[in-house]
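Notes follow once the structure below has been shown.
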Amino acid sequence: MSDRPRVYLDNAATSWPKPESVYAAIDTYQRQLGAPAGRSAYQEANEVERMIDRTRRLLAETIHAETPQRMIFTSNGTDSLNLALHGLLRPGDHVVTSVVEHNSMLRPLRHLEQHADVQVSRIGCDGRGIVDPDEIRAAIRPTTRLIALIHASNVTGALQPIEAIGQIARQHELLLLVDAAQSVGHVPVDVRAMQADLLAAPGHKALMGPLGSGWLYVGPRAQQHLVPVRQGGTGTQSESDVQPDSLPDRYESGNHNVPAIVGLGAGLEFVQQRGIRALRQHEQTLTDRLLDGLQSISGIRVYGPTDRNDRVGVVGITVDGWPPQELATVLDTAYRVQVRAGFQCAPLLHRALGTALQGGTLRLSLGAWNTTEHIDSAIEALTDLAAETMAS
Ligand SMILES: Cc1ncc(COP(=O)(O)O)c(C=O)c1O
């Protein structure tokens, strides 16, 4: 292994490192508490219950949800989207979505299309990867039930005009599901300003929780239609064999991943202390530096918006003469610059961008811990490698 310092630019997959407080919270839970949540009433179990409630409250504050009970814990962003889509859609329903989506949205929708008589319209995007709200409006049919859209792209970093789309949903009395995996923690997210009825996200990306954490916001209009996809023990109303109706128990069957939720609580506290606006500013400064550096290298093409207000710190590129996967391997082995290559679970977007035939793109994704030195190391490495091909 090279003795260069590790330059982690794969924060869109999961954030690393986590704040020290996250490691400490998990360690304390595992060694000293170790009790389940919501099931028993001894002192450690009560303390665990308080920690879970605290994470729920911090999550609700982060996205301006009406109450903490509307925040449903899941195991990851995919699990949250599956609960939203399978819990809501019925035969005959029509959904408007886009080609920008991640497979965690595309595949459940494809499954429902194939097996449950749900119809799906997939709207295209412009060259930056941004969807036009007018195209969404034009796709609405009398049977449309849901608009399901990604907020920030995990391929190009493009932010969608989600508030305009929320207004369209409201005007047509449709529900709006937002995939906020790449936006929450990076940009301010307000479910009420967006008019989102359901908002799905992992806890392990910008919110700094560990892998195995995720959540779904269930708004007042969605609640009456969203059926639980799992039933089972909730620790409440144990005298009944019928799933409780109250939130969050209705959608939270089985023992929680308590270490992950406790870690997520510490992560959320870190994000609140740093402030999302300050985190955004830090990432924008680094993203601008990265985009400027990349644009000065011949043989590199950058995908996604150039305006900092239209994007997050996820940058997709191709380098002439380099298959993305091979480039990622050399970046890691020779330079310790760690990125992701390929389709990033977004096959339709790569077709739309024209990057499918060459095997996708190389993705550099920034996070709270990245520094100007990290950006400069990546630019230097890519300058070398782009020149190598140009020279050969
Ligand atoms: C846009 C988007 N949606 C959904 C997901 C799925 O999240 P998870 O990996 O937590 O299931 C991801 C993960 O990369 C993502 O980038």
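Whatever order the structure lists ligands and atoms in, that order sets their numbers, starting from 1.
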| said: Please list all pairs meeting ring pair (Phe, Tyr, Trp, His ring centres under 6.0 Å) that have one or both residues in residues 112-153, counting only residues at least two apart or in different chains. | reply: His111-His115

| query | Shared ILVMFWY cluster between Val184 and Ile276, side chains joined below 4.5 angstrom? | reply | no

| task | Sequence neighbours left out, what passes side chain to side chain donor-acceptor pair (under 3.5 Å) with His94? Give chain and number order. | result | Ser121, Arg141, Thr144

| field | Pair Glu66-Tyr217, side-chain donor/acceptor within less than 3.5 Å | value | yes

| said: Taking Leu175 as the starting point, is it possible to reach Leu177 by hopping between hydrophobic residues whose side chains are less than 4.5 Å apart? | reply: yes

| request: Would you check ligand 1 and list the protein residues that come within less than 4.0 Å of it by any heavy atom, ordered by chain and number? | output: Ala12, Asn76, Gly77, Thr78, His102, Ser104, Ile150, Asn154, Asp179, Ala181, Gln182, Pro202, His204, Lys205

| What pairs with Tyr29 under ring-ring contact (aromatic ring centres under 6.0 Å, His included), at least two apart in sequence or on another chain? | none

